[in-house]
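Below is one structure, written out as structure tokens, with a few remarks after it.
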Amino acid sequence: YTLQLPAGLQTRLADASGRRSSGKLAGVFAMGAISALIVGPCVAAPLAGARFPRRAGHAQPTGDTPYFLCLGTIEPRKNHATLLAVWHSLAAELGEKTPRLVIVGQWGAGSAALRKQLQGDALLQRHVEVLDTCRDEELGHLIAAARAVLLPSRAEGFGLPMVEALALGTPVIASDLASFRVIGQGIPTLLDPLDITAWKQAVQAFINDCPARSNQVAAMPQFRTPTWADHFGAVEQWLDMLRHEARPDVSSVHDERSAG
């Protein structure tokens with residue numbers, strides 16, 4: 001049988017399926033309730049991040065200066081603007097003792113203003129590096145040796161960089177978003193993405209082994225990394241449930257025909 005759904009609900013279902021976000025699924029059910037619709041079975045199947053080899057004795061790929069890493073397409077939703085504001089303030093205050101900020105990601109739509117800011121700010125040019133291409137081996141090395149991975153997104157569907165960082169034992173400072181609360185399993189430091197003061201204080205603290213960073217490192221062995229086996233296992237269970245619910249009740253159909 002075919003179930004016709006309103007366009008808005010179809011979009012939310014497709015988005016939830018594509019991003020495997022339990023938060024998106026909650027939105028699907030909320031929209032179904034508002035529209036007085038019965039929403040069919042849905043599943044949140046977390047994606048597995050890339051498998052990077054763990055390294056013994058992480059070398060500093062950017063020299064002796066400690067650095068922080070931000071991963072993701074450079075676009076307004078990822079909120080790199082907060083990090084640039086933090087680093088400008090740090091550079092003005094700490095001078096040559098400022099940690100480096102390494103941004104790995106391609107320039108996306110709406111990034112022109114950020115690129116212009118970087119090009120026109122001498123302080124940022126000295127302490128911020130953008131890598132628009134990076135091989136998996138290099139990326140794994142960068143993640144493993146960073147003081148922390150920074151994810152200041154205003155909105156996020158899932159957040160693979162968080163999974164990849166925690167799997168390598170690297171602390172994470174991220175926005176306080178529903179998806180990050182779920183996949184971080186209580187380990188990352190979560191902040192308001194627009195609170196520049198809080199982000200600056202956290203970065204300054206994580207330059208050294210502050211209690212918050214040490215607590216994250218101590219909790220790393222408890223982190224359960226999502227796997228592709230988990231992902232496809234959840235999807236297969238969901239498909240089995242759909243097949244079962246879609247299967248007609250043959251006995252009841254036979255009884256109705258007999259009665260007729």
State plainly whether one hydrophobic cluster holds both [X] and [Y], where clusters connect Ile, Leu, Val, Met, Phe, Trp and Tyr through side-chain heavy atoms under 4.5 angstrom apart.
X      : Y      : value
Phe206 : Leu69  : no
Val163 : Leu190 : yes
Val203 : Val149 : no
Ile196 : Leu101 : yes
Val128 : Leu151 : no

What's the spacing between [X] [atom1] and [Y] [atom2] if we round to 0.5 Å?
X      : Y      : atom1 : atom2 : answer
Leu83  : Trp199 : CG    : CH2   : 6.0 Å
Met220 : Ile187 : CE    : CD1   : 6.0 Å
Arg77  : Ser153 : CZ    : OG    : 6.0 Å
Leu139 : Cys134 : CG    : SG    : 5.0 Å

Check: His127 main-chain N/O paired with Tyr67 side-chain donor or acceptor under 3.5 Å:
no
Gln106 side chain to Ile74 backbone, donor-acceptor under 3.5 Å
no
Would you list the pairs meeting side chain to side chain donor-acceptor pair (under 3.5 Å) in which at least one residue belongs to residues 78-94, sequence neighbours left out?
Lys78-Glu156, Asn79-Thr82, His88-Asp121, Ser89-Lys200, Glu93-Lys200, Glu93-Gln204
Evaluate the side-chain proximity of Leu142 to Leu131: yes if any heavy-atom separation is below 4.5 Å, no if none is.
yes
Could you work out the complete set of other residues in the hydrophobic cluster of Leu194, with links drawn between I, L, V, M, F, W and Y side chains under 4.5 Å apart?
none
Show which side-chain atoms of residues 107-120 pair as donor or acceptor with protein atoms under 3.5 Å away, not counting sequence neighbours.
residue, atom, partner, partner atom, Å
Ser111, OG, Gly108, O, 2.7

